[in-house]
Amino acid sequence: MRRLAGLLVVPLLLLSTAACGDDKASDSVSKNGFPAISAGTKFGEKPTLAKGEGDPPKKLKTEVISEGDGAKLKNGDAAEVNYLGQAWDSTKPFDNSFDRKQPFGLILGAGMVIPGWEQGLVGQKVGSRVQLVIPPELAYGEQGQGEDIKPNATLVFVVDVVSGKAVPKSPKGSTVAQDNIDLPKVADNTDGKAPKVTIPKSDPPKKLVSNYVLESDGEAVKETDTVVVNYEAYLWKGAKKFDSTYDTGKVASFPLAQITVKGLKAGLAGKKVGSRVLLVIPPDQGFGDQAQQTVPANSTLVWSVDILTKM
């Protein structure tokens, strides 16, 4: 089963990018072979990076420029960061979140970002500014990435760790009756295992369905939030599963504003964090008349979505 997550959101460079730190950064950081930060040295400021000097290091290098006083990030945490990325031998950034004025959300250890990020951010405190120098084998390797990241490029990042939190294993809420015999039924288990989804043999509804299976008392999801979810996704026709985070053992993280599947975005907006939601998405709010991997054109989609947390 191939994951469809990459088709659900507008792609960003990092495979998908302010608690406040102290202000101990110097006016120009260039210690131990790290490229200097000549402007924007404080947490929350867009940095300006100098070109690296000499040959780049062969291994991952990490430097804490200013240390925050928050919790340390660990694998499995949901984190939000601001970042600026630049090639070692360049003075031109290839990407940054500061200009977008929107932190980048990720789940550490979920394979959402390049390995150099995964390794370099674990153990860093929320509120910290960190500089990473990432060799090619922990970045984009021999293939590079687009026009801006050449093959075998060493990359330099300045990363501000804005927030970090543990992700619950399962939703928690009150069971909501599922009385409509013409709609799928979703199990209300909270043991961290995939819920059973039973799809009727009747014709699917023509309009979007977004119903609670478990309703929590958490905050409502806003369109500006990034949600961390577990889900099971089926085709109505034939009740065939086409995607699942449970099967991979890794949760997914979606900035709601960047979700391209209209029914998924509309169905999650306003729902409460900690809940399980049944979504039935008609073709005009799903993938439409375009086939996507194992999803035929004009398919009605059925999703069971656990909203574990938001960022």
Side-chain angles (χ1 to χ4, degrees), residues 1-11 171 173-189 194-216 218-247 252-308 310:
M1 179 185 299
R2 294 183 64 191
R3 290 291 307 279
L4 278 171
L7 298 173
L8 301 179
V9 297
V10 178
S174 301
T175 299
V176 177
Q178 302 176 71
D179 298 327
N180 191 335
I181 63 173
D182 294 323
L183 291 179
K185 299 295 185 291
V186 180
D188 61 356
N189 58 298
K196 182 179 179 181
V197 179
T198 305
I199 300 173
K201 297 185 183 300
S202 56
D203 291 336
K206 302 298 184 183
K207 294 183 179 181
L208 175 69
V209 173
S210 175
N211 294 342
Y212 283 115
V213 176
L214 292 167
E215 183 176 3
S216 79
E219 293 183 33
V221 173
K222 301 187 295 292
E223 290 190 358
T224 55
D225 288 332
T226 293
V227 292
V228 180
V229 300
N230 261 328
Y231 64 79
E232 294 275 274
Y234 288 80
L235 303 175
W236 182 289
K237 185 177 181 179
K240 180 181 179 182
K241 188 193 298 187
F242 66 86
D243 198 7
S244 170
T245 57
Y246 286 97
D247 290 350
S253 174
F254 299 142
L256 219 62
Q258 295 169 11
I259 292 178
T260 57
V261 177
K262 293 180 181 179
L264 186 58
K265 179 189 292 188
L268 294 181
K271 290 294 189 281
K272 298 173 184 176
V273 173
S275 300
R276 174 172 293 158
V277 179
L278 164 68
L279 300 177
V280 181
I281 303 176
D284 63 338
Q285 296 191 56
F287 294 116
D289 59 2
Q290 301 295 315
Q292 300 287 354
Q293 296 182 14
T294 57
V295 179
N298 298 310
S299 292
T300 295
L301 311 178
V302 178
W303 295 65
S304 170
V305 183
D306 293 345
I307 309 172
L308 300 176
K310 71 182 182 76

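- Using a 30° and 60° split on the angle between ring planes, W303 and F242 fall in the perpendicular class, above 60°.
- Closest approach of D247 and S244 over heavy atoms only: N-OG, 3.1 Å.
- For the pair K206/P282, no side-chain contact is recorded, criterion being any heavy-atom separation below 4.5 Å from C-beta on.
- Take K222 and apply the salt bridge (Lys or Arg N to Asp or Glu O under 4.0 Å) test, not counting sequence neighbours, and it matches D225.
- For the pair W236/S202, a side-chain contact is recorded, criterion being any heavy-atom separation below 4.5 Å from C-beta on.
- Within the structure, every pair that satisfies the salt bridge (charged side-chain N to carboxylate O under 4.0 Å, His left out) test and touches residues 231-240, not counting sequence neighbours, is listed here: E232-K241.
- Put simply, the residue from L256, T226, V277 that forms a side chain to side chain contact (heavy atoms under 4.5 Å, CB included) with V221 is L256.
- Among the candidates L268, N230, V228, the single residue satisfying the side chain to side chain contact (heavy atoms under 4.5 Å, CB included) test with I307 is L268.
- Counting heavy atoms from C-beta on, the side chains of P195 and Y246 come closer than 4.5 Å.
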Please step through salt bridge (Lys or Arg N to Asp or Glu O under 4.0 Å) for the pair K265 and E223, ending with a clear verdict.
-> CA-CA 8 Å; K265 179 189 292 188; E223 290 190 358; over 6 Å; no
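- Applying the salt bridge (Lys or Arg N to Asp or Glu O under 4.0 Å) criterion to E219, with sequence neighbours excluded, gives K310.
- In this structure, CG in L301 is found 10.0 Å from CG in L279, a value given to the nearest 0.5 Å.
- Environment of NZ in K262: sparse, with no more than 12 heavy atoms of neighbouring residues, nucleotides or ligands closer than 6.0 Å.
- Residues meeting the salt bridge (Lys or Arg N to Asp or Glu O under 4.0 Å) test with K271, sequence neighbours left out: none.
- A donor-acceptor pair under 3.5 Å is formed between the side chain of Y212 and the backbone N or O of K272.
- Listed for the R276 side chain is a donor-acceptor partner under 3.5 Å among the backbone atoms of N189.
- Here the closest heavy-atom approach between residue P171 and residue L308 is recorded as N-CD2, 4.0 Å.
- The distance from atom CD1 of I281 to atom CZ of F287, rounded to the nearest 0.5 Å, is 8.0 Å.
- Annotation: salt bridge (charged side-chain N to carboxylate O under 4.0 Å, His left out) contacts involving residues 279-297, sequence neighbours excluded, are absent.
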Identify every side-chain donor-acceptor pair in residues 176-184 under 3.5 Å, counting partners at least two apart or on other chains, and give the distances.
residue	atom	partner	partner atom	Å
Q178	OE1	V186	N	3.0
Q178	NE2	V186	O	2.8
N180	OD1	D182	N	2.9

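- The shortest distance between side-chain heavy atoms of P283 and T300 falls below 4.5 Å.
- For the atom pair CG of L278 and OG of S210, the computed distance is 8.0 Å after rounding to the nearest 0.5 Å.
- A distance of 12.0 Å separates OG in S275 from CG in N211, rounded to the nearest 0.5 Å.
- Closest non-hydrogen pair, P296 versus L235, comes out as CD-CD1, 3.7 Å.
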